[in-house]
Amino acid sequence: MATTPSSAYSDVSLAVPVWLNKGDNAWQLTAATLVGLQSMPGLIILYASIVKKKWAVNSAFMALYAFAAVLICWVLVGYRMAFGDQLLPFWGKGAPALGQKFLIHRAKVPESKHLTSPMVEPFYPMASLVYFQFTFAAITLILLAGSVLGRMNIKAWMAFVPLWLIFSYTVGAFSLWGGGFLYHWGVIDYSGGYVIHLSSGIAGFTAAYWVGPRLKSDRERFPPNNVLLMLAGAGLLWMGWSGFNGGAPYAANINASIAVLNTNICAATSLLVWTSLDVMFFGKPSVIGAVQGMMTGLVCITPGAGLVQSWAAIVMGIASGSIPWVSMMVLHKKSTLLQKVDDTLGAFHTHAVAGLLGGLLTGLFAEPALCRLILPVNNSRGAFYGGNGGVQFLKQIVAALFVIAWNIVSTTIILLGIRCFIPLRMPDEQLMIGDDAVHGEEAYALWGDGEKYDPTKHGWNTSVYGEEMAPSPYINGARGVTINL
């Protein structure tokens, strides 16, 4: 990465210092906003619509809460634990990122200097980098939530989010991005295949194990309550990924352009392959399956988006549309462990498997010329290009094992600690009812699909026009009405 600021701007003022590149700053803030939109409203809409109707509000709120809680924890202590001065080889020193003296100066990652490679110093203020990296931290927690939807105690979730951010996410981020031991060893994770997706998939699966399963009736039948709205959330996720991978170089440069193109190529290929497999084996295309294929393609390309050639993005899309499909549709049904653990949205397959696959394929297909554009370790390349590429592939494996082990251990310790004070799983009485029992709110003003009418709670209802409404005769729980026209 270049270390001399552009001379394209002659107007210099207190608000436009000589090192500021307005184009880079504008793109970084745009990319951060795109990634933020992936979470809110993207994943909020996706979660609220892909779950059973009685869990729409709860699922959306878990994502909404995580987004807000992560931001406050991030600026108070999290950012500098992930991108600050080194405390341990895998962890930075925690400190606030709130003072103006810190935020208005030129951004830098202090531990990123590697031998002859300069320190990472983008041409925009620290405030832009703090916010950009926050959106990555937030979406990681929200993706993790997909594994425990439909039964995790909301109070336990509220305690879990800041603890997991501090003791799990920051470790992976510092180790791979902030100048930790994996960064200097030369492990490649362009934009979060390991830091975000492998971490969220493994931690989500671990959390699902400790929280316990949904009700048997929910596990057997959990239809989405609004497929079209689910597609709207998925669309925001896909389009937002251009900021996700396009913002990783910290500049509006040619590497960002390659990353955006490869991201969309891989996602489209993966969606088509997943859909084709659905048609071949089940006789019809599935909209939910297409969204899963889209997701695995986006996840798989993430660790190498700006480092592989576009033909390799197609190869990665073929792999991400087929291997996670096999793990979800075939291996899941044959594995006792996978059957036992109730991973609500299958984050293990769409994020852990796809993220691991992307990291390993990056170790094969990372192109030397593209690697020289951004990576700190000289002569980095994938095994496909010979030289020391075989060593790079082994590094990718070792880094994956570290991320998997850390997330299993840290997530387990955090949840067992919370369990000493707060039950991790809702009581069955709440699980039977859903949103109305947990939040006192419902997504749609309809009876049925799990809600119970309680005359002692609701009594006589008064409409907005002041008319008294008689209580429902279905005291033991209405189940809806079917009208044949």
Nearest-0.5 Å distance that lies between atom OG in Ser175 and atom CG in Leu182: 5.5 Å
Ring centroid separation Phe134 to Phe67 under 6.0 Å: yes
Side-chain H-bond candidate by donor/acceptor type, Trp164 with Ser410, under 3.5 Å: no
Sidechain-backbone polar pair: Glu367 side chain, Arg381 backbone, donor-acceptor under 3.5 Å: no
Test item: side-chain donor near acceptor, Asn255 and Tyr190, under 3.5 Å: yes
Plane angle bin for Tyr79 and Phe83 - parallel if under 30°, tilted between 30 and 60°, otherwise perpendicular: parallel
Centroid separation Phe61 to Trp55 less than 6.0 Å: no
Note: Asp428-Arg425 ion pair, threshold 4.0 Å (strictly below): yes
Arg372 side chain to Ser380 side chain, donor-acceptor N/O pair below 3.5 angstrom: no
Spatial distance of atom CE (Met152) from atom OG (Ser147) [nearest 0.5 Å]: 11.0 Å
Ile142 side, atom CD1; Ser59 side, atom OG - distance, nearest 0.5 Å: 12.5 Å
From Met62 atom CE to Leu144 atom CG, the distance as rounded to the nearest 0.5 Å: 8.5 Å
Distance-only polar pair, side chains of Asn264 and Trp241, donor-acceptor under 3.5 Å: no
Nearest-0.5 Å distance, CD1 of residue Ile323 to SG of residue Cys300: 8.0 Å
Pairing of Asp218 and Lys54 as salt bridge, 4.0 angstrom limit: yes
Non-hydrogen side-chain atoms of Phe160 and Thr411 separated by less than 4.5 Å: yes
Interatomic distance, Ile139 atom CD1 to Ile196 atom CD1 [nearest 0.5 angstrom]: 7.0 Å
Lys NZ or Arg CZ of Arg106 over Tyr124 ring: under 6.0 Å, within 45°: no
Identified side-chain contact (heavy atoms from CB on, under 4.5 Å) partner of Thr269 from the options Leu271, Ile265, Leu272: Ile265
Under 3.5 Å side-chain donor-acceptor pair for Asn245 and Thr263: yes
Under 3.5 Å: donor-acceptor pair, side chain of His184, backbone of Glu111: yes
Modelled atom types, side-chain donor and acceptor of Ser320 and Thr296, under 3.5 Å: no
Nearest heavy atoms of Ser128 and Asn25, plus distance in Å: OG-OD1, 2.7 Å
Parallel, tilted or perpendicular: ring planes of Phe136 versus Phe244, cut at 30 and 60 degrees: tilted
Check: Trp406 ring centroid to Phe90 ring centroid under 6.0 Å: yes
Min side-chain heavy-atom separation Phe205-Leu338 under 4.5 Å: yes
Distance-minimising heavy-atom pair for Asp343 and Gly146: OD1-O, 4.4 Å
Electrostatic pair Asp85-Arg80, nearest N-O below 4.0 angstrom: no
